[in-house]
Amino acid sequence: MNCKDKSEILNDIIKLRKKLHGFPELAFQEEKTKECLMAHIAEHSKLEIVDRGLWFYAVWHGTDGKEGIAFRADFDAVTGKDGYPGHYCGHDGHAAILAGFAQYITSRKPARTIYLIFQPAEEVGRGALLCREIFDEHAISEVYGFHNIPGYEKNSILLLNGIFACASTGLEITVTGEPSHAAYPDDGKNPALVIARMVTGLQDVLNKKYQGMVLGTVIGIDLGSAAYGVSASRGILRLTVRGELEAEFEKLVDELRCLAEELADDGGMKCLIREIERFPSTENVRECVQKLKDAAIRSDRKIIIPKEPFRWSEDFGYYLQKIPGAFFGVGDGEEYPQLHTENYCFPDDIIPAVLDIYERLID
């Protein structure tokens, strides 16, 4: 491999990002994406590639004998409003940058051992649970990751001590009663009123005393059918629940479970509750945030401290349950399209800002 300067590496990253953008793949279906990333690293760097099936990592074997440092990028897509996958969250940019960082590491030849983790299925909160086994297998002392974030000055570095992003889960609450003729609803058990009471009771639960932000959002309600002669006998309430602090989030989920079960029981109906896409809170370690801050200062990048943790979730929190580390944001621009919308596309002009931070973390 020929050594390349930063401008050439940047061009390679942009080409790779655009290539990945052309074939977005949903969680646990990222076969072509993974193959493309592995091929790029094999061609353009001297890092060892370790294939773990659904995910892989690349490692630069340093010579200083110290514990390694890890960086993570996710590479799954999201489902757009048309039902097809698309890179509306910028994971194509995350993965391309980390693959390009392998090129930089090869040209730099740092003394420290460096692990680059390429993760699937972040959008469903399950990919990090697979990949974090690397910390049980290798001596790694810290891990870092980032996300591109609209609404903030372009190329600014967003840092938070403690909670960076909230814990969340989907709750699918199925209430089952008994059918009857619509003319004789008293002969059956219609879950409509029970579900209505769950919806109105949601705010009462949220109004209880919690530390930090908590939030519950009604995502959808499915009840009955188009058979106008039949009283409904089954309904589903879907909620997304969020919390800033993990313990308070658990308390909120338990409260909502109790509410749903009590209301269903009072109505003589069965209640089944299923959690969907559970995410932990992403809780940064102060010492690692300080390293990010120092890297931003040395890179002459503007630092922004958001007023509160981000309400969205990130499964990077599973890594931080295992070892110290920190997650940071890079501003896409104040008027940039929002994440998970069809107008969103990763802004290539923030790539140098991310590389600046990564470069200085391995100094």
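A quick note: this is a predicted structure, and the numbers were derived from the prediction, not measured. Heads up: numbering here begins at 1 and tracks the sequence.
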Minimum side-chain heavy-atom gap Ile13-Leu16 below 4.5 Å: no
Worked verdict on Ser7 versus Asp5 for side-chain hydrogen bond (donor to acceptor under 3.5 Å, both in side chains): CA-CA 6 Å; Ser7 63; Asp5 62 25; 2.8 Å; yes
N-O pairing of Arg72 and Glu314 below 4.0 Å: yes
NZ or CZ of Lys34 within 45° of Phe118 ring axis and under 6.0 Å: no
Side chain proximity check, Ile157 to Val330, heavy atoms < 4.5 angstrom: yes
Phe164 reachable from Phe249 in the ILVMFWY side-chain graph, under 4.5 Å edges: no
Residues Asp64, Arg112: salt bridge by 4.0 Å N-O rule: no
Arg234 atom CZ, neighbour heavy-atom count above 12 within 6.0 Å: no
Other residues, nucleotides, ligands: >12 heavy atoms within 6.0 Å of Asp300 CG: no
Sequence-distant partners of His87, ring-ring contact (aromatic ring centres under 6.0 Å, His included), two or more places apart: none
Residue pair Gln29 / Leu26, side-chain heavy-atom distance below 4.5 Å: yes
Lys/Arg-Asp/Glu bridge criterion (N-O < 4.0 Å) met for Lys32, Glu25: no
Sequence-distant partners of Phe146, ring-ring contact (aromatic ring centres under 6.0 Å, His included), two or more places apart: His94, Phe328
Phe75 with Tyr88, same ILVMFWY side-chain cluster at under 4.5 Å: no
Distance-only polar pair, side chains of Asn343 and Gln338, donor-acceptor under 3.5 Å: no
Pair Arg301 + Asp356: basic N to acidic O under 4.0 Å: yes
Note: Lys293-Glu287 ion pair, threshold 4.0 Å (strictly below): no
Cationic N near anionic O, under 4.0 Å, Glu248 to Lys209: no
Glu137 and Arg52 ion-paired at < 4.0 Å: yes
Distance-minimising heavy-atom pair for Ile195 and Ile236: CD1-N, 3.9 Å
Lys251 atom NZ, over 12 foreign heavy atoms within 6.0 Å: yes
All ring-ring contact (aromatic ring centres under 6.0 Å, His included) counterparts of Tyr358, not counting sequence neighbours: Phe71, Phe101
Presence of salt bridge, Arg360 and Asp294, under 4.0 angstrom: no
Crowding at CZ, Arg126 (>12 non-hydrogen neighbours, <6.0 Å): no
Qualifying residue for side chain to side chain contact (heavy atoms under 4.5 Å, CB included) with Gln103, from Lys46, Glu43, His44: His44
Side-chain donor-acceptor pair present, Tyr152, Glu334, cut-off under 3.5 Å: no
Glu31 atom CD, neighbour heavy-atom count above 12 within 6.0 Å: no
Lys/Arg N to Asp/Glu carboxylate O, Arg108 vs Asp363, below 4.0 Å: yes
Ion pair Lys19/Glu35, N-O distance below 4.0 Å: no
Polar side chain donor-acceptor pair, Tyr344 to Glu342, under 3.5 angstrom: no
Atom CD of Glu153: over 12 foreign heavy atoms under 6.0 Å: yes
Test: Arg197 and Asp266 ion pair at under 4.0 Å: no
